[in-house]
Protein chains: 2
Amino acid sequence: MSAPARLVTQCPDDILSQCAALMARQGYHGTSMRDLARTTGRSLSGLYHHFSSKEDLLYLINERGFSSLLGNAERLREEWRSRARAKPATAADAAALLRDLISAHVDYFSRHRSEMRVLMLGTQPMSPAHGEVVRRLKQRYSEVLSYAVSEYLAGHAPGTPRAEVERKAWLLFGMMNWIFGWYSVDELGSPRDLAGDIFGIFTQGCLAGSRAAATSE
Amino acid sequence: MSAPARLVTQCPDDILSQCAALMARQGYHGTSMRDLARTTGRSLSGLYHHFSSKEDLLYLINERGFSSLLGNAERLREEWRSRARAKPATAADAAALLRDLISAHVDYFSRHRSEMRVLMLGTQPMSPAHGEVVRRLKQRYSEVLSYAVSEYLAGHAPGTPRAEVERKAWLLFGMMNWIFGWYSVDELGSPRDLAGDIFGIFTQGCLAGSRAAATSE
DNA sequence: GTACCGACCGAACGATCGTTCGGTCGGTAG
DNA sequence: CTACCGACCGAACGATCGTTCGGTCGGTAC
């Protein structure tokens with residue numbers, strides 16, 4: 001423990017994202033360790049110096065991605081809660097929280113598209129222990145979003161049933177996640193426009209309530 | 001060409017869906033031909049009697065799924081067009097078309113969850129020829145949906161820019177598709193409720209226009 | 001100097017992969 | 001009877017898979 005300090009190595013951050021980029025295109029099982037070694041400019045056994053196994057690599061990508069996403073979301077929620085303690089929150093405040101969460105999500109996705117695509121393609125091939133950690137992160141993240149949705153609905157459409165709140169939160173998730181699964185971000189305009197559209201459609205759509213669905217018949 | 005008629009065999013319909021069920025859980029590369037042979041109750045070489053290759057099997061699942069989806073959608077659109085020729089279409093008619101398309105989509109997904117999950121996980125490992133066919137089907141399907149969205153917006157929010165129409169159609173796609181990627185249909189209520197929610201959020205959300213997105217700041 | 005370190009490599013291991021080949025069996029057709 | 005057919009199987013092929021092992025090299029620590 002002396003002069004030059006440890007900044008490189010230790011945790012192979014760039015290697016991880018290079019691997020994620022390849023896995024995003026070919027899938028976990030469709031990408032071999034030899035493929036990953038080649039694109040990271042290392043040898044096969046050199047790659048194993050950084051990760052204990054292929055599954056471990058997948059876990060690290062998942063853990064890192066969801067942790068960042070969750071960190072952003074929980075920070076926004078805490079800021080909102082401390083503001084709410086200072087002075088009572090208005091309905092507009094809840095809308096602002098929801099809008100910030102959507103923006104943060106879309107921004108993060110657009111800046112880490114490969115990693116996010118890996119996260120979306122499923123958790124199946126992970127060990128029970130790793131899978132549990134990732135599942136927990138996923139759930140905590142969706143709980144923050146559900147919380148914001150229910151706070152928003154409490155202010156703008158009070159009395160919405162719990163089941164409907166959750167269903168709508170999931171639909172919001174759908175809008176936020178799907179686009180990056182199929183399409184390129186280049187064809188969709190800026191993340192800012194996209195987040196604005198999602199926020200606009202969701203909030204205005206929720207205001208109309210569920211009874212508005214009966215148009216014909 | 002005589003008595004008993006050909007109803008079985010020819011095209012292995014049930015085998016296909018059994019294979020899709022396994023691939024939906026493990027992914028294409030994560031499922032071996034031996035796995036597929038075992039779950040279909042056949043031997044490895046017995047399976048190759050029905051499909052020329054593993055990739056061919058993936059293609060058949062994709063082609064079949066998207067063709068059904070597209071068939072339903074184009075039928076609904078043609079019905080609408082012929083009604084529009086009889087008497088001028090109202091704005092409510094366009095909403096009904098959109099609602100029927102969403103219902104058909106959600107219904108089909110809920111009845112063929114495994115196949116649909118395979119379709120959503122990507123097209124990469126297909127040959128150029130097969131990939132092109134599937135890509136064409138996908139595009140035709142999304143064009144029907146975009147058409148309905150633009151017809152709806154023409155009646156309810158005239159003057160919406162083309163790019164915004166497409167972005168909103170994609171967000172609608174997101175709501176329709178995402179839920180079956182992550183969550184089980186059991187927790188989401190009936191397909192009917194779900195389709196109603198999607199239709200309600202989307203249509204009411206679009207009515208508010210894009211300028212409503214500026215709530216704070 | 002020697003000792004130890006993390007980063008990295010070439011070569012190989014056993015297992016599993018997609019695919020092929022030769023053959024069996026029950027059922028019409030002539 | 002023979003000829004032919006689709007459905008199906010066991011056994012094997014070459015290739016590729018994830019992983020391991022022994023070793024090399026440049027750099028501190030003492």
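Naming convention: chains lettered A, B, ... in sequence-line order (proteins, then strands); numbering from 1 in each chain.
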- prompt: Roughly how many Å is it from CZ in A:F51 to C1' in C:dC8, rounded to a whole number?
  reply: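 It is 14 Å, rounded to the nearest whole Å.
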
- prompt: Separation of B:R38 atom CZ from C:dT16 atom P, in whole Å?
  reply: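 In whole Å, C:dT16 P and B:R38 CZ are 11 Å from each other.
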
Quick one: which of [options] gets closest to the side chain of [X]?
| X | options | answer |
| --- | --- | --- |
| B:H49 | D:dT19, C:dC8, D:dA7 | D:dA7 |
| B:Y48 | C:dG18, C:dC8, D:dC8 | C:dG18 |
| B:K54 | D:dG18, C:dT19, C:dA7 | C:dT19 |
| B:S32 | C:dG6, C:dG18, D:dT19 | C:dG18 |

Under 3.5 Å between N/O atoms: give me all the protein pairs with nucleotides 9-13 of chain C, atom names plus distance.
from	atom 1	to	atom 2	distance (Å)
C:dC9	OP2	A:S43	N	2.5
C:dC9	OP2	A:S43	OG	3.2
C:dC9	O5'	A:S43	OG	3.4
C:dG10	N7	A:S45	OG	3.2
C:dG10	O6	A:S45	OG	2.4
C:dA12	N6	A:R34	NH2	3.4

Contact under 4.0 Å: B:H29 side-chain N or O vs C:dC17 OP1/OP2: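 So the side-chain polar atoms of B:H29 never come under 4.0 Å of the phosphate oxygens OP1 or OP2 of C:dC17.
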
- request: Tell me whether the OP1 or OP2 atom of D:dG6 has a side-chain N or O from B:H50 closer than 4.0 Å.
  value: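 Result: no.
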
- request: Take B:S17 and B:D14 through the test side chain to side chain donor-acceptor pair (under 3.5 Å) and record every step on the way to the result.
  value: CA-CA 5 Å; B:S17 76; B:D14 50 338; over 6 Å; no

- request: Using both pair distances under 3.5 Å as the test, note the stems of at least 3 consecutive Watson-Crick or G-U pairs that include DNA chain C.
  value: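 Only these stems qualify: C:1-4 with D:27-30, C:6-25 with D:6-25, C:27-30 with D:1-4.
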
Does the side chain of [X] come under 3.5 Å of the side chain of [Y] through a donor N or O and an acceptor N or O?
| X | Y | value |
| --- | --- | --- |
| B:N72 | B:H105 | no |
| A:S53 | A:D56 | no |
| A:E164 | A:T160 | no |
| A:S103 | A:D100 | no |

query: Should the pair B:Y147 and B:W80 be assigned to parallel (<30°), tilted (30 to 60°) or perpendicular (>60°) ring geometry?
result: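 Because their plane-to-plane angle is over 60°, the rings of B:Y147 and B:W80 count as perpendicular.
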
- request: Give A:T40 one of three labels, base, sugar-phosphate or nothing, depending on what nucleic acid heavy atoms sit under 4.0 Å from its own.
  value: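 Nothing, no heavy atom under 4.0 Å.
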
- request: State plainly whether the residues B:R75 and B:E78 are in salt-bridge range, i.e. N to O under 4.0 Å.
  value: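 Not counted as a salt bridge, because no side-chain N and carboxylate O are separated by less than 4.0 Å.
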
query: Does the distance from a Lys or Arg side-chain N to an Asp or Glu carboxylate O, for A:R192 and A:D107, drop under 4.0 Å?
result: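 Looking at A:R192 and A:D107, the cut-off is not met.
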
task: Kindly indicate whether the side chain of A:M175, heavy atoms from C-beta on, has any atom under 4.5 Å from the side chain of A:L171.
output: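 Result no, sub-4.5 Å side-chain heavy-atom pair not found.
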
query: Below 4.5 Å, heavy atoms only, C-beta onward: do B:F66 and B:R136 meet side chain to side chain?
result: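 Heavy-atom side-chain distance check fails, nothing below 4.5 Å.
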
query: So which of residues 15-28 of chain A are in contact with DNA chain D, with a heavy-atom cut-off of under 4.0 Å?
result: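 Heavy-atom cutoff 4.0 Å gives no residues at all.
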
- prompt: Has B:R99 got its NZ or CZ under 6.0 Å from the middle of the six-membered ring of B:F202, at an angle within 45 degrees of the ring axis?
  reply: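 Here B:R99 fails the 6.0 Å and 45° test against B:F202.
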
